[in-house]
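All remarks here apply to the structure that follows.
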Amino acid sequence: MDAIILIILAVLATAGRVIGLILLSILTGWFLAYASIKSKFFENIYIILIEVFESVPVITFFPVVLVIFITRVGGPLGVELAADFLVFTAVVWNIWMGEYQAFKTVPREMVEVVENSRFGLFSRLRYLYIPFSVPRITANLFPSVSDGFFYITVSEVFEVGVHTYQTFGIGSVLDTFVASAQLFNIEMALLILGIVIVAIVIVLREFSKYAVGRYTLDTDAPVMKRGRLNLRETARVFAALSKNPLTRLARYYKYREGDKHEQTYEKKEKKQKRYKYIYASIGIIILIALLYGVVSLIISVKPSEWSILFNKTPFLLTGLGFDYVRVGSILLVSMVIAIFLGYYLAVNKRAEKYWIPIIQSLSAYPAPIYFPFLFILTEPFMLSLFGGFTNELYVLSLGFVSTFYYVFYSFWMGVKAMPSEYWEITKNLKLGYFKKMRKVIIPSTFPYLISGISSTINSAWGGLMIGEYWPNIYGTHSLSVHTGLMKTIDIATANGDLTLAAWGSLIFGIIVAIYSVLFTRKMMDLAQKKYVAEEGVYSA
């Protein structure tokens, strides 16, 4: 088969795999998000699991892939399911977090409408929660597409022990080209991949415009100023309101309000209690399964090994501390870029038209393919300039390109989804740039920012795990940091010390679980209580 045709088919297969699994993530996330807002117990478990699994790099799922798909299913189907599972773990978590964040911050007045109107589960999802979540989903589609393509080289072709497994896609084709040093085919593959990514970005950008225009509260409706009646502006207001499903929901409430009576509330309370028990039961089952896994792991370790693991715990915690400093540095740079560049592109349509596809294409290119070339080209200059700190900069760069787009796209979409009433306020008060940011833009986009910050922190670990210990990154050159938990886990896995790798992963998971409760959950609650911009418009 001609190499170009092979590349085109491989890129289309990968694109179909990524997009199909993103759609599956969206569908399942709606029901999980609804369950989480109906049960505090389920919500705590759900958020902890999202935070932990989003922080776990894709490559650490290899044992699960080996046991479930390769060993038990087997054959080409097992390899395909394994690849799909790895891609799914790359794209799903931030979408689920975005949907939860959207469901969590639905204005209270709208929730009262669907409750008082006796809407069932599917009606509530159809008329309120799903429309309200569309802008948040759109904001997370961009990073999910980037992550899906970013990790294709470890999803479509992966090694477990001495065995290599691969399924058809651009990841496996690129791996073949790299192994045989087919430079021209590598360049053509990256070019065609870039063209397809740009095409996907254009579709997503158009969908984001549609989502902002249709599924944000009164965004297209201009503010009416006092004075002479302007029939043209009045027509624009009613045209915008008539096509907004959230506004139609408010009108629906007016017709149904007179139907309420005492029995309605009694039935509603009984149904809500029944659902709470169901969601709590599901959460308990998940918790029992997790505890069973932990207890089984503890029992399987010999007492003599526990002493060794406990002695190494301070070293592991020190490495985790260094890694959190790296993650904090990546987040700080990502936040600065997101707030300034994201705002600029959101309000400048011409710049947005060109720069969003460029950013999407660069972020979606698989770093394990191009990063070694950048490393070998820049290492002499970087060593002369930064000396012993060179490897740290490379690792930070790799972590940055693997995660910066989460907070960037979240803030960018948050600015685009701001109700038009708030823009009118900034114009009428003639607010300066920084005062506008502090008083209006950042508070209005706070729910989007929290979702993006959380995903940025959680996803940075994947880039760190690849970069902190990368032997023979190019020829005899290697990339390695001095101290880091991800490096320790990498070396332990490579040396077959699965006990140490599992212990380090367990400590890491516990810290992430604590972080999810103390930070993400608290910030989501704060966003719900204080920073829902749509609620202010709805109340007004």
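Residue numbers run from 1 in the order of the sequence given. Treat the numbers as computed from the prediction; the structure is a model and nothing was measured.
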Qualifying residue for side chain to side chain contact (heavy atoms under 4.5 Å, CB included) with Tyr469, from Asp490, Thr488, Leu479, Val481: Asp490
Identified ring pair (Phe, Tyr, Trp, His ring centres under 6.0 Å) counterpart of Phe103 within the set Tyr129, Phe132, Phe31: Tyr129
How long is the span from the CG atom in Leu383 to the OG1 atom in Thr378, to the nearest 0.5 Å? 9.0 Å
Are a donor atom and an acceptor atom from the side chains of Trp96 and Thr28 found within less than 3.5 Å of each other? yes
Is Phe404 close to Ile359 at the side-chain level, that is, under 4.5 Å between some pair of heavy atoms? yes
Side-chain contact, heavy-atom cut-off 4.5 Å: Val134 with Phe207? yes
Side chain to side chain contact (heavy atoms under 4.5 Å, CB included) between His482 and Phe322, worked out: CA-CA 10 Å; His482 184 268; Phe322 275 90; over 6 Å; no
Identify whether the distance between the nearest side-chain nitrogen and carboxylate oxygen of Arg326 and Asp323 falls below 4.0 Å. yes
Got Leu398 and Val401 here, is their nearest side-chain heavy-atom distance under 4.5 Å? yes
What are the two closest non-hydrogen atoms of Ala338 and Phe411, and how far apart are they? O-CD2, 3.2 Å
Phe408 side chain near Ser334 side chain, heavy-atom distance below 4.5 Å: no
Closer than 3.5 angstrom, by distance alone: can the side chain of Thr456 be matched with the main-chain N or O of Val407 as a donor-acceptor pair? yes
Compute whether any side-chain donor of one residue and acceptor of the other, for Tyr394 and Glu379, lie under 3.5 angstrom apart. no
Would you call the rings of Trp412 and Tyr409 parallel, tilted or perpendicular, where under 30° means parallel and over 60° means perpendicular? perpendicular
Checking Ser172 against Glu156: is there a side-chain donor and acceptor pair closer than 3.5 Å? no
Show the numbers, then the answer: is there a side chain to side chain contact (heavy atoms under 4.5 Å, CB included) between Phe400 and Leu396? CA-CA 6 Å; Phe400 173 79; Leu396 291 175; over 6 Å; no
Whether over 12 other heavy atoms sit under 6.0 Å from Tyr343 OH: yes
Pair Trp355 and Tyr344, ring centroids less than 6.0 Å apart: no
Output yes when a side-chain donor or acceptor of Ser144 lies under 3.5 Å from a complementary backbone atom of Leu141, and no otherwise. no
So does Gly399 get a backbone contact from the side chain of Thr403, meaning a donor-acceptor N/O pair under 3.5 Å? no
Would you kindly say whether Ser480 and Asn391 are connected by a side-chain donor-acceptor distance under 3.5 Å? no
